[in-house]
A.B. asks: 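Starting off with a structure, shown below.
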Amino acid sequence: MTDNIFYTAPHFEQDIVKAKDEYMYDSSGKEYIDFESGIWCCALGHSNDRVNQAIKDQLDKVTHLHTKLVNSVSKKAADDLLRITGIKKGKAVFLTSGSEAVEMGLKLSFAATDRKKAIMFSNSYYSALGTTGNYKNEECIIKKDFTAYDENEPESFFSGIDFSQVACCIFELGSTSGRVLFPHEKLVRELSQRVKSSGGYVISNEVTTGYGRTGKYFGFQHYDIMPDIVCMGKGIGNGYPVSAIVMTDIVASAMAGKSIGHVQSHQNDPLGGAVVSAVIKEFEERDLIRASANKGKLLSKELMTLKEKFQCIKDVRGRGMMHAVEFDQKILVADISAMMFEKGFLIGANGLYNVLRFDPCLIINEESILKMTKELEKILNQLM
Ligand SMILES: Cc1ncc(COP(=O)(O)O)c(C=O)c1O
């Protein structure tokens with residue numbers, strides 16, 4: 001094969017030709033177990049039958065329309081999203097990537113409040129990596145390090161913030177960013193209250209933490225808050241590129257007569273809507289939120305057992321099917337991840353923080369989890 005693909009990150013050379021559930025196969029027939037769900041996308045596993053069928057059915061009807069046109073398939077998907085977020089009255093818009101959903105959430109909050117400041121945690125996706133960051137400059141973003149929060153001295157965290165200028169705060173409750181860090185409950189509650197009571201909005205970036213990943217539908221549901229805007233992507237399409245924003249009626253009404261200058265060709269496409277409804281149906285019929293919470297306990301127990309055995313493991317943390325293992329500098333996660341791939345396991349590695357990520361699909365067999373931790377133990381023994 002010629003080397004004609006540009007990659008933005010290190011990659012493996014194997015030609016992956018087929019994938020089903022947690023399994024992937026290369027052209028030689030070798031099997032790999034996927035502990036990343038693609039990139040957090042295939043929460044239902046690869047090539048889900050219901051999602052595939054929904055795509056096939058919709059292909060013969062209408063796939064793409066126009067931002068000016070409406071269709072009942074997207075309306076049904078919007079109702080489904082409102083139901084699972086618990087936003088009783090509101091609106092949804094469908095887009096194509098998680099980055100875009102977060103960007104549009106920001107734009108909505110700026111336009112609806114006529115303000116231009118957003119508070120976000122310094123190690124979140126948007127502040128660190130966001131690919132469409134038009135609003136990265138200091139004029140718009142107030143970055144705060146949530147590890148600096150002291151519940152006995154909360155005022156020092158909030159000092160210097162003029163909340164009357166704040167359009168929104170954006171939370172990413174669990175995957176900050178890919179490191180699986182959880183801000184203090186009191187901080188999340190208090191920041192939300194301060195922003196809301198001064199007329200701003202709470203945005204929850206659920207691109208990675210949504211769709212059952214943390215053992216609840218959304219990461220914010222582990223906290224005592226209710227967002228005004230929820231941004232989603234990845235798992236919402238199970239591999240098909242669709243993302244969405246759900247907003248309350250209050251936000252939608254504040255937008256009446258205003259424009260956010262966001263034009264996008266695939267806004268509210270019926271094909272994306274059909275996928276979203278099929279994914280939610282699969283979640284509901286198979287009770288996958290409960291499955292995520294239960295299998296997450298096994299994953300956590302297995303990883304904690306490794307922590308007890310290996311001193312190089314500094315921390316194991318996670319919720320549901322989203323876990324991270326942080327290593328000291330004696331061992332490099334890039335080496336572990338490469339060796340694990342050779343053995344047939346795809347594991348995420350964040351070299352910057354020396355963290356391995358485990359985000360398997362929610363339908364994974366418990367046996368696959370046990371197989372993976374057994375192999376990881378062997379490799380750690382080899383490397384020590
Ligand atoms: C927390 C978070 N938000 C947003 C995104 C962007 O999603 P997408 O890759 O679909 O643009 C990512 C991507 O990894 C992410 O980790």
Side-chain angles (χ1 to χ4, degrees), residues 7-11 34-43 93-109 118-136 141 143 146 168-183 188 202-214 217-220 222-223 227 229-246 262 264-267 269 272 275-276 279 317-324 346-353 355-359:
Y7 299 88
T8 55
H11 65 280
D34 184 356
F35 275 82
E36 285 229 85
S37 300
I39 299 196
W40 287 290
C41 291
C42 298
V93 54
F94 296 92
L95 305 158
T96 43
S97 77
S99 308
E100 195 196 359
V102 179
E103 177 107 5
M104 192 168 175
L106 266 178
K107 283 184 180 175
L108 279 173
S109 73
I119 302 174
M120 57 183 72
F121 293 139
S122 32
N123 45 13
S124 63
Y125 174 81
Y126 198 86
S127 73
L129 295 164
T131 49
T132 56
N134 287 337
Y135 300 107
K136 278 190 162 173
I141 302 297
K143 282 191 197 177
F146 69 74
C168 66
C169 60
I170 305 190
F171 293 122
E172 188 187 304
L173 298 167
S175 176
T176 35
S177 181
R179 291 169 66 200
V180 191
L181 295 173
F182 302 98
V188 172
V202 171
I203 302 181
S204 194
N205 173 359
E206 297 286 349
V207 172
T208 49
T209 51
Y211 277 71
R213 177 63 47 211
T214 65
Y217 251 121
F218 295 102
F220 77 79
H222 293 276
Y223 292 81
I229 297 173
V230 183
C231 306
M232 308 170 201
K234 296 189 187 275
I236 184 182
N238 206 56
Y240 177 83
V242 58
S243 65
I245 289 183
V246 175
H262 193 107
Q264 197 254 24
S265 308
H266 297 285
Q267 205 165 302
D269 269 355
V275 169
V276 169
V279 169
R317 49 186 183 260
R319 279 182 183 145
M321 295 294 258
M322 171 182 259
H323 276 74
L346 179 67
I347 313 277
N350 179 334
L352 194 59
Y353 299 101
V355 161
L356 284 183
R357 287 193 317 248
F358 300 85
D359 301 279

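Counting starts at 1 for both ligands and their atoms, in listed order.
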A.B. asks: At a 4.0 Å threshold, what atoms of ligand 1 neighbour a non-hydrogen atom of W40?
C.D. replies: 14 (O), 16 (O)
A.B. asks: What are the two closest non-hydrogen atoms of V180 and H323, and how far apart are they?
C.D. replies: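 Shortest heavy-atom separation between V180 and H323 comes out as CG2-C, 4.1 Å.
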A.B. asks: Please report the shortest heavy-atom distance between K234 and V207, naming the atom on each side.
C.D. replies: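 That closest heavy-atom pairing would be CB-O, 3.5 Å.
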A.B. asks: Which heavy atom of R179 sits nearest a heavy atom of A324, and at what distance?
C.D. replies: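 Of all heavy-atom pairs spanning R179 and A324, the closest is O-CB, 3.6 Å.
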A.B. asks: Can you name the closest pair of heavy atoms from V275 and I236 and give their distance?
C.D. replies: CG1-O, 4.3 Å
A.B. asks: Looking only at N/O atoms, are S99 and ligand 1 under 3.5 Å apart anywhere?
C.D. replies: yes
A.B. asks: Which distance, rounded to the nearest 0.5 Å, do you find between the CZ of R357 and the CH2 of W40?
C.D. replies: 4.0 Å
A.B. asks: With heavy-atom distances below 4.0 Å as the criterion, list the atoms of ligand 1 near E172.
C.D. replies: 1 (C)
A.B. asks: Taking 4.0 Å as the limit for heavy-atom contacts, which would you say applies to K234 with ligand 1: side chain only, backbone only, both, or neither?
C.D. replies: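 Just the side chain.
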A.B. asks: Heavy-atom distances under 4.0 Å are what count here, so tell me which part of T209 touches ligand 1: side chain, backbone, both or neither.
C.D. replies: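 Within the 4.0 Å criterion, T209 makes no contact with ligand 1.
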A.B. asks: Within the structure, does N205 bring an N/O atom to less than 3.5 angstrom of an N/O atom in ligand 1?
C.D. replies: yes
A.B. asks: T208 heavy atoms, cut-off 4.0 Å: which ligand 1 atoms fall inside?
C.D. replies: 1 (C), 15 (C), 16 (O)
A.B. asks: I'd like to check whether G98 has a polar contact with ligand 1, where a contact means an N/O of the residue lying under 3.5 Å from an N/O of the ligand.
C.D. replies: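 Yes - when backbone and side-chain N and O of G98 are compared with those of ligand 1, one distance drops under 3.5 Å.
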A.B. asks: Once you measure the plane-to-plane angle for F35 and F358, does it fall in the parallel (<30°), tilted (30-60°) or perpendicular (>60°) bin?
C.D. replies: perpendicular
